[in-house]
Amino acid sequence: MAPPPTLATAPLAQVAAALRRRTVSPLELLEAYQRRIGPAAELRAFITPPGERARREAQRAQQQLARRQAGALLGVPIAVKDLFATRGLRTTAGSRILRDWVPSKDAGLVTRLRVAGAVIFGKTNLHEFAYGVTTANPWWGVARNPRDVRRSPGGSSGGSAIAVVAGLCAAALGSDTGGSIRIPASLCGCVGLKPTYGLLPLDGVVPLGWSLDHAGPLARTVEDAGILLDALSGGRAWKQAQRVTTRGLRVGILHDSVVKPVQPGVSRLVQEAAAALGRNGLRIRDVRVPEMAWTVVTQLVTLRAEASAAHARWIRARPRAYGPDVRIRLQLGALIAGADYVLAQRMRAKIKDAVRGIFDEIDVLLLPTTPITAPIVGERTVHWRSGAEPVDSALVRLTAPFNLTGVPALSVPYGEVSGLPVGLQLVGRWNDEARVLAVGRLIEALASR
């Protein structure tokens, strides 16, 4: 039985339903994705492509489906960022240092994927040790945007976003320390969710910034992200989202210095989305959080110090084993004084209090995920009328505040600028993923009209 030609690019929900109905088998599905991986090699989506182990898992899932066994993701191929330990399968963290590490135990979230029946479908490319936003990996290849190979996919979960958008898996697992799920989702044109800090366990994940690291899904649709979140968390956020009434919800449009500058086309799409939400019964209001002006420096000090602590042993003993950009960041982080880190945490508490206060006035915050569309690979500077800004700084400017505060944030594709996708970011209260997903699903529907 041959799978439908579009199955490899179908949403996870549709794929899972086809597997349950047995209109397609896990092995047929696996082969549909694998046929696409070879021709897409220039995108550098994978460090370790799915191999014989994935085939054995698909065969096992096929037997379980034949016995009518249950599992929300039974037989569904899910790619995993190569930062998550996988038992018996090489885990490199995108580095040369760990290039031969084969863990004896799965990360907690990989275990949860297996319990739900997922097929672990290869390990995806990332910025080295997840410390960057381009996925220009010096050891495993410069990743390319599937929408335009001249452009960056973003990072650090670039390979996971590529695999989703290029139809190389049903969905993928990523991590997010300053925007590493949402940035590639925005630049490549898929959905990316950073849940509330601590909702998903991080045991077995190579750390970057202990107080900033999050894990979450990258997927084709908001529904897919919700399904995967529920499987990973053991919760019911997506089930609850389907019962949320969006009419009457208060949506805040952020107007602060952190949002400026932004490409005119991106700004226009945010305005269009806000107007469309208003026409659908949501209440739109402008909001300001002046404390967000401090998020860039607060995030920088926090991440630099924590990352350097995490890598203290290796960066001292083997500095040349790191790529130049990551090595410099780690060495600079070692120079941050303890007093500066403490002051950054005090400012962080003030930012968190301000965000908590704004959610007394609104239910969901709306802003761009990134102020720019995908930059050319190797491009270092964005030129604004007000001056130049490093590309890396521009890409994290609107995502990093929500790692500092730990609130859930969702990136949803909404239109294009000059043929490149634009992501809109929805932010909610702590542990209110259901409402964020509900508004995200509405924006997704509005984008398709």
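All values derive from a computational prediction rather than experimental measurement.
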Quiz prompt | Cationic N near anionic O, under 4.0 Å, R356 to D353 | solution = yes
Quiz item: Do R304 and D340 sit within salt-bridge range, that is, some charged N less than 4.0 Å from a carboxylate O?
Solution: no
Practice problem: Let me know which of R247, R283, R429, R285 forms a salt bridge (Lys or Arg N to Asp or Glu O under 4.0 Å) with D363. | Solution: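 Testing D363 for a salt bridge (Lys or Arg N to Asp or Glu O under 4.0 Å) against R247, R283, R429, R285 leaves exactly one candidate, R429.
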Quiz item: Do you know which of K123, R90, R44, R99 makes salt bridge (Lys or Arg N to Asp or Glu O under 4.0 Å) with D82?
Solution: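 With D82 as partner, K123, R90, R44, R99 yield a single salt bridge (Lys or Arg N to Asp or Glu O under 4.0 Å), made by K123.
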If we ignore hydrogens and angles and just use 3.5 Å, is the side chain of [X] paired with the main-chain N or O of [Y] as donor and acceptor?
| X | Y | value |
| --- | --- | --- |
| S308 | L330 | yes |
| T124 | G159 | no |
| T196 | W430 | no |
| R144 | I162 | no |

Quiz prompt | Full working for side chain to side chain donor-acceptor pair (under 3.5 Å) between H311 and Y131 | solution = CA-CA 11 Å; H311 286 265; Y131 203 0; over 6 Å; no
Count the heavy atoms belonging to other residues, nucleotides or ligands that lie under 6.0 Å from [atom1] of [X], then report whether that count exceeds 12.
| X | atom1 | answer |
| --- | --- | --- |
| W294 | CH2 | no |
| R380 | CZ | no |
| R327 | CZ | yes |

Practice problem: Check whether any side-chain heavy atom of L446 sits under 4.5 Å from a side-chain heavy atom of R279, and report yes or no. | Solution: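 In short, these two side chains do not touch, never coming nearer than 4.5 Å.
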Practice problem: Specify whether Y197 and H214 have parallel, tilted or perpendicular ring planes, treating 30° as the upper limit for parallel and 60° as the lower limit for perpendicular. | Solution: perpendicular
Self-check item: Side chains of K81 and S175, donor plus acceptor under 3.5 Å
Solution: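 Per modelled atom types, K81 and S175 side chains form a pair under 3.5 Å.
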